[in-house]
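Quick notes on the structure that follows.
The sequence lines fix the lettering, A, B, ..., with proteins before strands; numbering per chain opens at 1. None of the values given here were measured: they were computed from a predicted structure.
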Amino acid sequence: MSLQLYAVTIAFSLFFIFFVIELVRRGALREQYSLLWLGVGLVMLVFSASSRLLQWVAHAFGVYYAPSLLFLFGLICAFVLLLHVTVVISRLTDRVIRLTQELGITQMRLAELEHRVHAAVRQPPRDAGDLVPPAAAGTHAREPGVCGQAAASDGGARRAGGDNP
Amino acid sequence: MPRILVIIPAYNEEPVVGNVVRAIFRHRSDVDVLVVNDGSQDRTAEVAAQAGARVVTLPVNLGIGGAMQTGYRYAAQFGYDIAVQLDADGQHDPADLDRVLGPLLAGEPVDMVVGSRYVERTSYRSTAFRRLGMVILAAVVRLILGYPVKDTTSGYRAVNRRVIELFAHWYPTDYPEPEAIVYLHRNGYRIREVAVAMREREAGRSSITPFRSVYYMVKVLLGMLMNTLRSGNHAQPLVHRGEEP
C-alpha cells in the first residue's frame, strides 16, 4: 500500500472519529447512538493503520482478496445500524402517538376549563356587583379565586361578597 | 346506571359526523359522545361540537388505531364503565346501539360485543374484493380462536371497563379490528357477536383502497401472528379490579 494512501485512510479515520465526537459535543448526536459510530471509526482506524492486520484476518477467514473483507464488514455494519435505526424509530413512533393522544385530551380539558372560567368571570355576582370596583387591577387579582371556584363548584355558584369588599 | 361513552374517530367527516352524533342522542340520551378528530383539515370538530359531542382534536393525524385508542384513554381517565366505538361515516346505525350494548348492560359474561353484518341476514352488501379479504381474515381468526367470528372487521363494538383499561394500554394501529379480537382472546377475554344493519356510507370514500388493502391484509395477518407469539405478555400489567358489571 502506497504511503499517500496510507496517510489518507488514517487521516480519514481520525477525521471521522473526531467528527462523531464533535457531533456529540454539540449535542447533535446522543451518546448512546455515538457508541456504534465510534466503534466503526476505531475499526476503520485500526485497519488503515495496519494493512498486515487485514491480510492476516483475511487469511484466517480464508478470504482470497483481502479488501473484500472490508466490504463485508462495511455491509454488516450498515445493516446493523439500519436495524438499530428502525428500532429507534419504532420506539419514537409509539411515544409520538402516546404524546399526541395525551395532548389532544389535555387540550380539550384546558379548553373546557377556560370556557368555565370565562363564563364565571363574565357573570359578576348580582348582589355584590356595585361593591366590586371594575378596575383592571382588581380583576387581575381576583382571577385565581374565580378559577379555583369555577373548578370547585362547576362555575355556576356566585362569588363570595367578602372576597373583595 | 353505568356511564357509557360512544367513541367516534373522524377524519374529514364534516358532511356526516353531525348527523351521526345527533342520531346517537336521538336513540340514547344517556350516553356521552366523544368525537376524536384525527387531524382533519375540514370543520369536523366544529360540526361535531355543534351536534353536542365532546371533541378531542389530535394535532397530527394518527390513523384509525391511534385515534380510537385516544377514545379508550379518555374513557379510562374519566371512569366510563362501557365504551362503544362507531364509525363517523354513517354506516353504523345508531338504532342498533341497544343491541350492541345489550349483553354488557344485562351483565352477561362477555367483555366485548361486536356488531356484526353477517350473523343474521341484513341488507349489507360489499364488493367482491373486500369480501375476499374478510373471508381470509375470518378464517385466520377462526383458526386462532377456535370458534368463528363472522365479521372480524366490524368497527361497531362495545366493551366493558376491563377492556377499556386494556385498550388504553395497548391498541393495534392502522387496521385494528381483527387484531383487537385476537388480542382480547389471547388474553382471556370473552367476545360475543350480535347482528346489526350496515348502511351505505353517507359520504366520503372508504380509507381502504385495493392496493392498500393488500398491504393491510399482510400487516394484520403479521400482527395477529405476533399476538399469538406473545400471548399473555401484555396482560400482565393490567390490574384486574373486579369492576365488571
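More than 12 heavy atoms of other residues, nucleotides or ligands lie within 6.0 Å of CZ in A:R98, so this atom counts as buried by the packing criterion. More than 12 heavy atoms of other residues, nucleotides or ligands sit less than 6.0 Å from atom NE2 of A:H84. Environment of NE2 in A:H115: sparse, with no more than 12 heavy atoms of neighbouring residues, nucleotides or ligands closer than 6.0 Å.
Of the listed residues (B:T57, B:V36, B:T70), just one forms a side chain to side chain contact (heavy atoms under 4.5 Å, CB included) with A:I105, and that residue is B:T70.
In plain terms, the two heavy atoms of A:M108 and B:L34 that are nearest each other are SD-CD1, 4.4 Å. For the pair B:L58 and A:Q101, the tightest heavy-atom approach, listed with the atom from each and the gap, is CD2-CA, 4.0 Å.
Each of A:V96, A:T100, A:T93 has some count of heavy-atom pairs under 4.5 Å with chain B, and the biggest count is that of A:T100.
With a threshold of 4.5 angstrom between heavy atoms, B:A168 approaches chain A through N, CA, C or O but not through any side-chain atom. Contact annotation for B:F78: only side-chain heavy atoms (C-beta onward) come within less than 4.5 Å of a heavy atom of chain A. The parts of B:Q69 that come within reach of chain A are both its backbone and its side chain, each placing non-hydrogen atoms under 4.5 angstrom from that chain. Contacts of A:L103 with chain B are made by side-chain atoms alone, with heavy-atom separations under 4.5 Å and no backbone atom involved.
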